[in-house]
Amino acid sequence: MNIQQISSTPFTDQKPGTSGLRKKVDVFKQAHYLENFVQCIFNSLGDSDKDILIIGGDGRFYNRQAIQVILKMAVASGFRKILVGQSGLVSTPAMSAQIRKYKATGGIILSASHNPGGPDGDFGIKFNTQNGGPAPEKLTDQIYQNTLTIDQYQIIEAADIDLDQLGTTPMGNAEVEVIDTVADYADFMQHLFDFERIKTLFRTGAFQMSFDAMHAITGPYAKELFERRLGAMVGTVMNAEPLEDFGGGHPDPNMVHAHELVEQMFGPKAPDFGAASDGDGDRNMILGRHCYVTPSDSLAVMAANLHHIPGYRNGLSGVARSMPTSQAVDRVAEVMGVHCYETPTGWKFFGNLLDSKKINLCGEESFGSGSDHIREKDGLWAVLFWLDLIAVKQQSVAEIMQDHWRRFGRHYYSRHDYEEVDKTRAEELMSTLKARQSELAGQAINGYKITACDDFSYTDPVDNSCSENQGLRFLFEDGSRIVYRLSGTGTVGATLRVYLERYEPNSEQHQLDTQQTLALLIKIAEQLARIKEFTGREQPSVIT
Ligand code: G16
């Protein structure tokens with residue numbers, strides 16, 4: 001095998017964010033940019049560890065080209081076998097499942113998740129380790145250090161692989177196998193959920209569902225699951241064909257970007273159930289007829305009902321949520337007598353808790369939920385969970401929510417995003433606010449007393465690693481919270497996220513408008529952080 005050693009110099013901007021390295025396509029297309037980062041991943045692994053590698057992406061622009069490069073570098077680096085998704089496609093949850101199934105060294109996922117794609121859009125790369133989960137911070141720090149000193153990378157000279165053709169091809173000293181992950185993933189889901197029970201929902205045609213794949217990765221998986229295996233009507237899956245630019249859309253399953261689905265679900269002939277997933281298939285949004293379920297509430301409902309699902313007959317062993325996620329699930333955990341862990345934003349922080357069996361369910365406000373079945377959040381899994389639950393309870397989504405709130409109280413919750421603001425000013429907002437925290441503790445603002453405030457830090461209970469500066473928290477006397485964070489997944493400027501939460505135990509007050517209910521907290525959030533002054537924005541760009 002002819003290995004070429006290519007000289008290179010470091011790029012200084014390859015620090016992985018919340019979920020891998022995400023940049024504009026043009027940045028990735030610079031000579032040696034992708035190669036440097038991939039080599040740094042491989043250099044962070046021991047030579048003896050290089051056995052099976054899995055590669056795949058969400059199908060966005062540059063996916064195919066990047067895969068051909070990574071294949072040749074993986075062979076040069078000494079991997080014995082490389083599995084690659086057919087047409088270069090593997091959803092993030094399917095990747096996690098495949099890594100675990102094949103006991104692979106790890107997987108490379110090419111995705112910028114919910115960020116837009118196309119030649120002017122974003123591209124991204126992340127590495128998942130042997131447990132199927134995102135590389136922990138220790139490893140991403142190591143990869144980043146490598147990017148600052150790299151001076152060469154290795155690649156073999158070889159013909160490109162036909163990514164559309166299933167089968168095995170030798171390449172250098174290794175072999176490359178093109179695999180179809182759809183059937184495997186669907187089989188796996190069939191073990192966790194009661195497909196016969198869900199089928200009864202669809203059998204008479206009375207129950208209708210709409211799933212928006214947003215022209216991203218979940219289309220083929222969703223068609224197989226909902227239309228072929230579960231008997232939902234053909235056409236249930238909309239925007240099913242993965243496109244390199246996601247059809248010009250923004251593949252983020254929220255009320256703003258999944259507007260086609262939202263219009264249906266709130267329209268006159270709304271289906272009973274609606275859902276959407278994102279670019280790489282790990283996020284989900286759940287909707288009922290004229291009803292939106294916040295991701296935080298979805299997690300709480302799952303926690304309260306886990307025992308109904310065949311794959312989790314023993315019920316909830318423990319649960320975790322990211323810090324900004326609402327405390328709705330904490331109330332369920334308390335009633336069920338299990339521990340609820342509060343982690344920093346980022347799925348990687350759930351890995352140790354899942355591996356050590358401290359939890360079997362976890363989720364985030366950012367439209368992510370999952371369980372110990374894999375080590376990533378899983379969009380279609382969440383949709384199947386809700387379908388199975390609807391089949392068990394024989395209730396509508398709205399009824400399930402009302403019952404849940406009656407039992408546990410309602411956490412009114414919203415996130416206000418200020419996207420693409422000036423990075424320096426956004427950092428100043430955070431540092432100014434942080435500096436004022438000690439003075440603000442104990443003060444009352446508009447009648448709301450701040451009982452505690454801090455910059456969230458987390459010590460992992462399994463390996464004792466410590467993560468600091470994870471978001472500014474303000475806790476109020478009545479249990480309300482305001483949290484401020486800068487996003488770790490954007491590629492332009494900075495995105496300020498403001499998370500707002502208010503608890504309402506009284507069931508008479510459970511049908512109010514969320515933004516109105518949170519109006520005073522929204523005002524306080526502005527007063528505390530002087531958002532308009534620092535960002536120059538009158539309004540958030542996205543409200544979820
Ligand atoms: C990623 C991470 C999630 C995280 C989310 C939001 O999601 O995997 O764990 O909650 O980013 O991050 P931020 O608030 O920093 O933008 P995804 O779906 O983009 O991979």
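Whatever order the structure lists them in is the order used to number ligands and atoms, beginning at 1.
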Closest protein heavy atom (residue, atom, distance) for [atom]:
atom                    : value
atom 17 (P) of ligand 1 : Ser113 OG, 3.1 Å
atom 7 (O) of ligand 1  : Lys377 NZ, 3.0 Å
atom 10 (O) of ligand 1 : Ser366 OG, 2.7 Å

[X] and ligand 1 - part of the residue with a heavy-atom distance under 4.0 Å:
X      : answer
Lys348 : neither
Thr489 : both
Asp282 : side chain
Arg22  : side chain

Numbered atoms and elements of ligand 1 in range of [X], under 4.0 angstrom, heavy atoms:
X      : result
Gly488 : 13 (P), 15 (O), 16 (O)
Gly346 : 9 (O)
Ser19  : 1 (C), 2 (C), 8 (O), 20 (O)
Arg497 : 13 (P), 14 (O), 16 (O)

Is the closest basic N to carboxylate O distance between Asp58 and Arg60 below 4.0 Å?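 Salt bridge present between Asp58 and Arg60.
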
Is the shortest distance from a Lys or Arg side-chain nitrogen in Glu364 or Arg321 to a carboxylate oxygen in the other one below 4.0 Å?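 Salt bridge: no.
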
Out of His114, Arg415, Glu364, Arg283, indicate the one that has the non-hydrogen atom closest to atom 5 (C) of ligand 1.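 The residue whose heavy atom sits nearest atom 5 (C) of ligand 1 is Arg283.
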
Could you please spell out the steps behind the side-chain contact (heavy atoms from CB on, under 4.5 Å) verdict for Gln130 and Lys103? CA-CA 7 Å; Gln130 219 163 16; Lys103 300 194 174 20; over 6 Å; no

Given His250, which of His259, His257, His114 fulfils the ring pair (Phe, Tyr, Trp, His ring centres under 6.0 Å) condition?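 Only match with His250 under ring pair (Phe, Tyr, Trp, His ring centres under 6.0 Å): His257.
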
Take every heavy atom of Arg485, measure it against each atom of ligand 1, and state whether any distance is under 4.0 Å. yes

For Asn115, the option from Val492, Asp252, Thr491 that meets side chain to side chain contact (heavy atoms under 4.5 Å, CB included):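 Exactly one option meets the side chain to side chain contact (heavy atoms under 4.5 Å, CB included) with Asn115, and it is Thr491.
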
Decide side-chain contact (heavy atoms from CB on, under 4.5 Å) for Asp463 and Asn352; before the verdict, give the C-alpha distance in whole Å, the side-chain angles of both, and the deciding distance to 0.1 Å. CA-CA 8 Å; Asp463 65 13; Asn352 278 347; 3.1 Å; yes

Apply side-chain contact (heavy atoms from CB on, under 4.5 Å) to the pair Trp386 and Val293, showing each step before the final yes or no. CA-CA 11 Å; Trp386 271 90; Val293 181; 4.0 Å; yes

Test side-chain contact (heavy atoms from CB on, under 4.5 Å) on Arg375 and Asn128; report intermediate values, then the result. CA-CA 9 Å; Arg375 294 295 179 271; Asn128 280 29; over 6 Å; no

Do the ring centers of Tyr62 and Phe28 come within less than 6.0 Å of each other? no

